[in-house]
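Step one of this worksheet: look at the structure below.
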Amino acid sequence: MHSSLPIPARPDSHGSSRSGRHRARPVFLLGLVLVLVAVLSTSVGSARRASAATFSLSVTSPSLVFHQGSGGVVLGSSAASVSWRIADEKDATVRTGTSWMSQGKATINVADLGPGYYQLSLHAGSSTDPTDLRTSFAVIEPVPGSLVNASSPFGAAVHIGRTGWGLNVLDEAKKVGIAHVREDAWWNQFETAPGVYTFPAAFTAKIDRIQSLGLTPLIIANGANPLYDNGRTPSSPEGIAAFGRFAAALLDHYGEDNVEVLNEYNGGTFNTSVCGTSAACYLEVLKGVHQAVKASNPNAKVVAPATIGIGNCVKADGTKCFAPDLIDRGGLNHLDAYSVHPYHYPGGPEWMGGSGDTIAGLRQRIRDANGGQDKPIVLSEMGWPTDTGHGTTELQQADNLVRLYAVGLANGVTRVYWYDLVNDGTDPANKEHNFGMLRQPVVATAENPVSVTANAPKPALVAQAVTARMIAGRTYAGSDAVVAPARSARFANGTGTTRVLWATSAKDVVVRATGPVTLTDSYGRRTVREPTDGQFTLSLGVSPVFAEGPVTSVVG
């Protein structure tokens with residue numbers, strides 16, 4: 001999952017893969033068809049045949065995320081002309097045309113397009129001798145820079161330096177309202193002799209770019225070091241103390257305040273400690289980091305335990321799962337925010353608001369142990385893969401992103417780090433390659449001379465930009481009197497209220513209002529509804545809609 005370590009198999013249920021709580025897929029054949037359609041409609045640079053094409057074809061725009069009213073997609077080809085088609089997220093044609101090359105280049109103007117996610121199909125050559133390229137681009141309304149701040153709930157996990165991950169993706173993150181990024185700092189790369197720290201140039205370049213953009217890094221003090229505990233996850237007093245000093249040195253050197261302590265310690269994939277994967281073992285490491293970091297910087301924020309799953313349960317035999325064990329041992333005294341990775345694909349995020357092994361359940365357990373007070377809850381990883389085997393299409397991924405923020409913020413989550421910002425590969429069947437909001441660039445080959453310079457967006461990136469613009473700077477203010485499958489979440493500030501409305505299956509609700517209501521979909525498109533006799537009927541589905549205006553209630 002993180003750079004420099006093997007990529008694990010991620011569980012298909014929330015909690016660990018051993019939890020036994022898998023989401024059913026009752027409409028398997030339909031789901032399979034939808035996945036295959038999504039893959040075909042979003043494939044990039046696929047060759048028509050094994051032999052080399054006659055013409056080259058490229059998209060050379062440095063970014064494929066455009067602010068509304070500006071920009072164009074830059075093409076390159078050795079052909080005299082390139083025909084093209086622009087379609088929306090449902091593959092409905094928006095426009096078609098032909099661009100004639102001038103010195104091998106041309107530009108498709110997109111400045112007059114409305115907000116949305118667009119698929120771009122390019123064709124060079126004759127029908128019997130074609131070169132074809134499919135990619136995507138986004139048109140978004142600007143997210144005000146004032147909303148990209150430390151109090152924002154919007155974050156993303158990054159793996160800068162991996163193939164396809166340039167520093168430029170951080171600029172794309174800010175453009176869509178992401179204010180926080182989570183990145184690994186591997187211990188063995190920083191402490192190369194006992195007590196001697198070097199700060200790798202590549203990592204420093206990441207932090208410099210993050211800071212220059214006004215984003216907030218969450219640095220993961222991660223890994224092990226051959227200088228201690230035989231190169232295994234720290235467990236001895238000496239190793240734990242050294243790891244704490246390393247975490248403090250990171251924050252001190254980079255002038256930062258946020259550190260997360262290891263990653264998915266309870267799962268075993270990244271944890272090689274001889275102590276094991278228990279909360280008792282983790283607590284000793286957490287104490288060491290907390291003590292060292294606070295001694296160096298009392299304002300530092302320690303984020304932990306970064307568990308895979310929530311682990312908020314007690315087994316039938318009375319054995320405590322990770323969360324109650326850590327909390328009952330006093331773990332809350334050594335962390336400033338409680339972090340979890342509650343993956344639960346392919347189902348939606350609504351389960352997080354239920355009781356038990358849920359975010360709402362964790363929040364209540366924290367309150368019960370903390371004098372009735374909350375601790376910030378951080379989803380330091382959460383997302384849905386769009387590979388061909390896990391039942392989530394790219395459109396569903398976008399829907400889930402919006403719903404995740406609505407459900408999470410309604411249940412005490414203060415920040416979400418979407419996993420992850422960029423696809424980690426190009427294999428459509430590989431789960432770990434398909435969590436991103438952005439695609440990998442495409443590199444031309446002799447057999448398939450097509451390329452895309454930029455990280456092209458997936459629908460989720462557009463939904464992220466819209467969500468940030470609609471609810472950033474607002475706080476959760478309650479729900480409306482709707483019943484399942486309908487859902488409502490209100491977000492308010494001093495100037496008004498924005499509602500996020502959806503239903504997990506089709507349902508009509510009644511919106512009561514004293515004037516016109518503006519509805520914005522997940523892609524930024526607006527419609528205005530005029531109430532009749534003070535109300536109108538709104539049909540809800542799995543794709544959320546944002547409602548603004550003089551709404552007095554939503555019922556149904």
Side-chain angles (χ1 to χ4, degrees), residues 149-157 179-185 207 210-211 215-222 234 240-241 243-266 279-280 282-307 310-312 322-342 359-360 362-382 408-409 411-417 475-476:
N149 56 46
S151 62
S152 167
F154 302 110
H180 307 270
V181 291
R182 176 181 185 257
E183 178 64 291
D184 297 284
I207 300 298
I210 291 167
Q211 292 173 334
L215 309 182
T216 303
L218 173 60
I219 302 174
I220 314 168
N222 212 351
I240 289 170
F243 186 71
R245 291 191 296 269
F246 157 63
L250 281 172
L251 297 188
D252 181 64
H253 182 81
Y254 292 111
E256 289 298 331
D257 295 330
N258 298 283
V259 65
E260 191 168 33
V261 184
L262 298 172
N263 181 70
E264 298 182 359
Y265 186 97
N266 64 316
Y282 181 80
L283 181 58
E284 295 308 308
V285 183
L286 176 60
K287 287 179 179 178
V289 171
H290 185 268
Q291 179 179 355
V293 165
K294 294 291 187 177
S296 176
N297 177 6
N299 295 320
K301 300 295 186 291
V302 176
V303 181
T307 52
I310 300 171
N312 182 44
F322 196 94
D325 196 13
L326 181 67
I327 291 170
D328 289 349
R329 290 175 182 274
L332 296 180
N333 297 323
H334 305 284
L335 56 84
D336 298 288
Y338 197 106
S339 62
V340 292
H341 302 170
I359 292 299
L362 175 65
R363 184 187 197 186
Q364 187 59 54
R365 186 176 295 279
I366 290 172
R367 285 175 167 177
D368 291 345
N370 196 40
Q373 300 298 307
D374 283 321
K375 283 267 188 179
I377 296 175
V378 173
L379 310 187
S380 58
E381 287 186 25
M382 182 61 170
L409 295 175
N411 286 282
V413 171
T414 59
R415 190 175 307 152
V416 176
Y417 292 84
T475 56
Y476 177 69

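The structure displayed is predicted, hence computed values, not measured ones.
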Looking at [atom1] of [X] and [atom2] of [Y], how far apart are the two atoms once the value is rounded to the nearest 0.5 Å?
{"X": "Asn222", "Y": "Phe243", "atom1": "CG", "atom2": "CZ", "answer": "6.5 Å"}
{"X": "His334", "Y": "Arg329", "atom1": "NE2", "atom2": "CZ", "answer": "12.0 Å"}
{"X": "Ile220", "Y": "Leu262", "atom1": "CD1", "atom2": "CG", "answer": "9.5 Å"}
{"X": "Asp368", "Y": "Arg365", "atom1": "CG", "atom2": "CZ", "answer": "8.0 Å"}
{"X": "Leu409", "Y": "Thr475", "atom1": "CG", "atom2": "OG1", "answer": "10.0 Å"}
{"X": "Leu283", "Y": "Tyr265", "atom1": "CG", "atom2": "OH", "answer": "10.0 Å"}

Closest non-hydrogen atom pair between [X] and [Y], with its separation:
{"X": "Ala369", "Y": "Ile327", "result": "CB-CG2, 3.4 Å"}
{"X": "Asn149", "Y": "Ala179", "result": "O-CB, 3.4 Å"}
{"X": "Pro217", "Y": "Ile210", "result": "CD-CG2, 3.8 Å"}
{"X": "Ile359", "Y": "Val413", "result": "CG2-CG2, 3.7 Å"}
{"X": "Ile240", "Y": "Pro234", "result": "N-CB, 4.0 Å"}
{"X": "Glu381", "Y": "Arg182", "result": "OE2-NH1, 2.9 Å"}

Indicate yes or no: at least one non-hydrogen side-chain atom of [X] is less than 4.5 angstrom from one of [Y].
{"X": "Thr414", "Y": "Ile377", "result": "no"}
{"X": "Tyr476", "Y": "Asn411", "result": "no"}
{"X": "Pro324", "Y": "Asn312", "result": "yes"}
{"X": "Tyr338", "Y": "Pro305", "result": "yes"}

Flag yes if more than 12 heavy atoms outside Gln291 fall under 6.0 Å of its CD atom; otherwise flag no.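 At most 12 heavy atoms, drawn from other residues, nucleotides or ligands, come within 6.0 Å of this atom.
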
Quick one: does any side-chain atom of [X] pair with a main-chain N or O of [Y] as donor and acceptor, under 3.5 Å?
{"X": "Lys375", "Y": "Leu335", "value": "yes"}
{"X": "Glu183", "Y": "Ile207", "value": "no"}
{"X": "Lys294", "Y": "Ala292", "value": "no"}
{"X": "Asp336", "Y": "Val302", "value": "yes"}
{"X": "Thr307", "Y": "Glu264", "value": "no"}

Check the pair Glu256, Leu250 against side chain to side chain contact (heavy atoms under 4.5 Å, CB included), reporting the backbone distance first and the verdict last. CA-CA 8 Å; Glu256 289 298 331; Leu250 281 172; over 6 Å; no

Sole candidate of Glu260, His180, Arg415 that passes side chain to side chain donor-acceptor pair (under 3.5 Å) when paired with Ser380: Glu260

